[in-house]
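Below is one structure, written out as C-alpha cells; comments come after it.
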Amino acid sequence: MGGGALADHWIENHKRDSWRKQAKASGYRARSAFKLKQIQERFGLIRIGDTVLDVGCHPGGWAQVAVELVGPEGHVVGVDLEPCQEVEGAVLLTGDITDPLTQQRVLDELNGEKLNVIVSDISPDITGKWDMDQSVAMTLVADVFDFSLPLLKKGGAFTTKLFQGIGVQELIDAVKPHFSSVRRYSPDASRNSSSEVYLICRNHMPWNSPKESIRERYEAAVDVLVGGGEIEDAPEPVTPTFKVRRRKSE
Ligand SMILES: C[S@@+](CC[C@H](N)C(=O)[O-])C[C@H]1O[C@@H](n2cnc3c(N)ncnc32)[C@H](O)[C@@H]1O
C-alpha cells in the first residue's frame with residue numbers, strides 16, 4: 001500500500017472507530033444508528049405517532065432511533081433474517097422479507113394499519129464478488145419496494161440503502177413515478193464506506209403507480225443497459241448487385 005492509500009486507510013478506520021465509540025457511549029447498538037439520525041436531521045422523515053417498518057433491522061440500531069422518534073404513540077415493526085435482542089417499544093420479527101410467510105407476519109402485526117415511513121438498511125450476505133453482490137443487493141431492494149409500497153400511506157416516505165454500481169440510475173427511474181421526490185444522500189456516518197448511498201423518497205403518490213412491478217421495470221432497464229434486451233433483427237434478404245450471364249452453349 002502506498003503512503004497516500006495508507007493514510008486514507010488510517011483515516012477511514014479512525015472515522016469508523018469514532019462512530020463505533022459514539023454508538024457505545026450513546027447506548028445505540030450499532031454505529032449505523034447515526035446514519036438514520038443524520039437522514040432524519042436532514043429530511044425529517046419520521047414524526048411522533050408514526051407507524052414505521054424497519055427492513056433489515058438487526059442488531060436494532062435503527063429500531064432504537066425510530067422508537068425515540070415516534071414516541072409512545074407510535075408503532076415500529078422491524079424484520080431481519082437474524083433474531084434481534086428486544087428493543088423496548090418495537091416489535092422485531094425474524095425472517096426473510098421476500099418470504100411470503102414473513103410478509104404475512106408483518107401484515108398481521110400491522111393489522112390493517114398503513115405505514116407512514118419505511119426505512120431499509122438491508123444488505124445481503126457478501127460473497128466477495130462485488131458485481132454479483134451489488135446486483136443481488138439491488139434486486140433485493142426492488143423486492144422490498146414491491147412488498148412494502150402498497151402498505152405505505154399517501155404522502156409517506158421511504159429510505160433505503162443502495163450499493164453504488166450498475167443499475168442505480170435504473171432503480172431510481174423505476175421508483176420515481178411513485179414519489180414526488182427521489183434523491184440520493186450520503187450521511188457523514190457512512191462516508192467511510194464510499195460504496196453505499198441512501199435513497200430518500202418522499203411524498204408517496206399511490207395513484208401514480210405503474211402496472212408493472214418495480215422489479216420488472218428495473219430488470220428490463222438493466223437488460224437494455226447490458227445489452228441483453230436487444231432483439232436481433234432477422235437477416236435482410238440479399239439482392240445481388242450483379243447478374244450472371246449464362247454463356248450460350250457452344
Ligand atoms: C447493515 S445491517 C442493518 C443494521 C441496522 N439498520 C441497525 O442499525 O442495527 C443489514 C441487515 O440486513 C439483513 N438482511 C439481509 N437480507 C435480508 C432479508 N432477505 N430479509 C431480512 N433481512 C435481511 C441482514 O441480516 C442484516 O442484519
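As the structure lists them, so they are numbered: ligands from 1, and atoms in each ligand from 1.
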Worksheet item: P59 to ligand 1: N or O pair under 3.5 Å?
Response: yes
Considering only distance and modelled atom types, tabulate donor-acceptor pairs under 3.5 Å from the side chains of residues 43-51, sequence neighbours left out.
unit_1 : atom_1 : unit_2 : atom_2 : d
D50    : OD2    : R47    : N      : 2.7
T51    : OG1    : E113   : OE2    : 2.4

Worksheet item: What is the minimum heavy-atom distance between Y185 and V197, and which atoms define it?
Response: O-CG2, 3.7 Å
Practice prompt. Please check if the side chain of D133 supplies one atom and the backbone of I126 the other of a donor-acceptor pair under 3.5 Å.
Written response: no
Worksheet, complete the sentence: The side chain to side chain contact (heavy atoms under 4.5 Å, CB included) partners of T94 (sequence neighbours excluded) come to P83
Practice prompt. Could you tell me which atoms of ligand 1, counted from 1 in the order shown, lie closer than 4.0 angstrom to a heavy atom of G61?
Written response: 7 (C), 8 (O), 9 (O)
Worksheet entry | I122 to ligand 1, any heavy atom closer than 4.0 Å | yes
Worksheet item: Looking only at distance, does D96 have an N or O less than 3.5 Å from an N or O of ligand 1?
Response: yes
Discussion item. I need the nearest protein heavy-atom contact for atom 6 (N) of ligand 1: residue, atom name and distance, please.
Written reply: D121 OD2, 2.8 Å
Fill in: Side-chain donor-acceptor pair present, D96, T102, cut-off under 3.5 Å
no
Practice prompt. In sequence, state the C-alpha distance, the side-chain angles, and the governing distance for N203 and S181, and then conclude on side-chain hydrogen bond (donor to acceptor under 3.5 Å, both in side chains).
Written response: CA-CA 7 Å; N203 194 19; S181 159; over 6 Å; no
Worksheet item: So which heavy atom in the protein is nearest atom 12 (O) of ligand 1, and how far is it from that ligand atom?
Response: S123 N, 3.4 Å
Practice prompt. Could you tell me if any non-hydrogen atom of K161 lies under 4.0 Å from any atom of ligand 1?
Written response: yes
Worksheet item: What residue and atom, counting heavy atoms only, is the protein's closest point to atom 5 (C) of ligand 1, and at what distance?
Response: H58 O, 3.4 Å
Worksheet item: According to the interplanar angle, ranging from 0 to 90°, do the rings of F179 and F158 count as parallel (below 30°), tilted (30 to 60°) or perpendicular (above 60°)?
Response: perpendicular
Discussion item. Side chain or backbone, does I97 bring an N or O within less than 3.5 Å of an N or O on ligand 1?
Written reply: yes
Discussion item. Would R105 and E109 count as a salt bridge (charged side-chain N to carboxylate O under 4.0 Å, His left out) here? Give the steps.
Written reply: CA-CA 6 Å; R105 285 171 57 216; E109 183 50 44; over 6 Å; no
Worksheet item: What's the shortest distance from atom 22 (N) of ligand 1 to any protein heavy atom, and which residue and atom give it?
Response: L81 N, 3.4 Å
Worksheet item: Crowded around I166 CD1? As in, over 12 foreign heavy atoms under 6.0 Å?
Response: no
Worksheet item: Using a heavy-atom cut-off of under 4.0 Å, does the side chain or the backbone of C57 touch ligand 1, or both, or neither?
Response: backbone
Worksheet entry | Cluster check I97, L151: I/L/V/M/F/W/Y, side chain < 4.5 angstrom | yes
Practice prompt. Return the residue, atom name and 0.1 Å-rounded distance of the protein heavy atom closest to atom 26 (C) of ligand 1.
Written response: D80 OD2, 3.5 Å
Discussion item. Within the 4.0 Å heavy-atom shell around G60, which atoms of ligand 1 are there?
Written reply: 9 (O)
Response to the item:
In terms of its nearest heavy atom to atom 21 (C) of ligand 1, the top option of P124, G95, G56 is G95
Fill in: For atom 8 (O) of ligand 1, the option (of A66, C84, S32) bearing the nearest heavy atom
S32
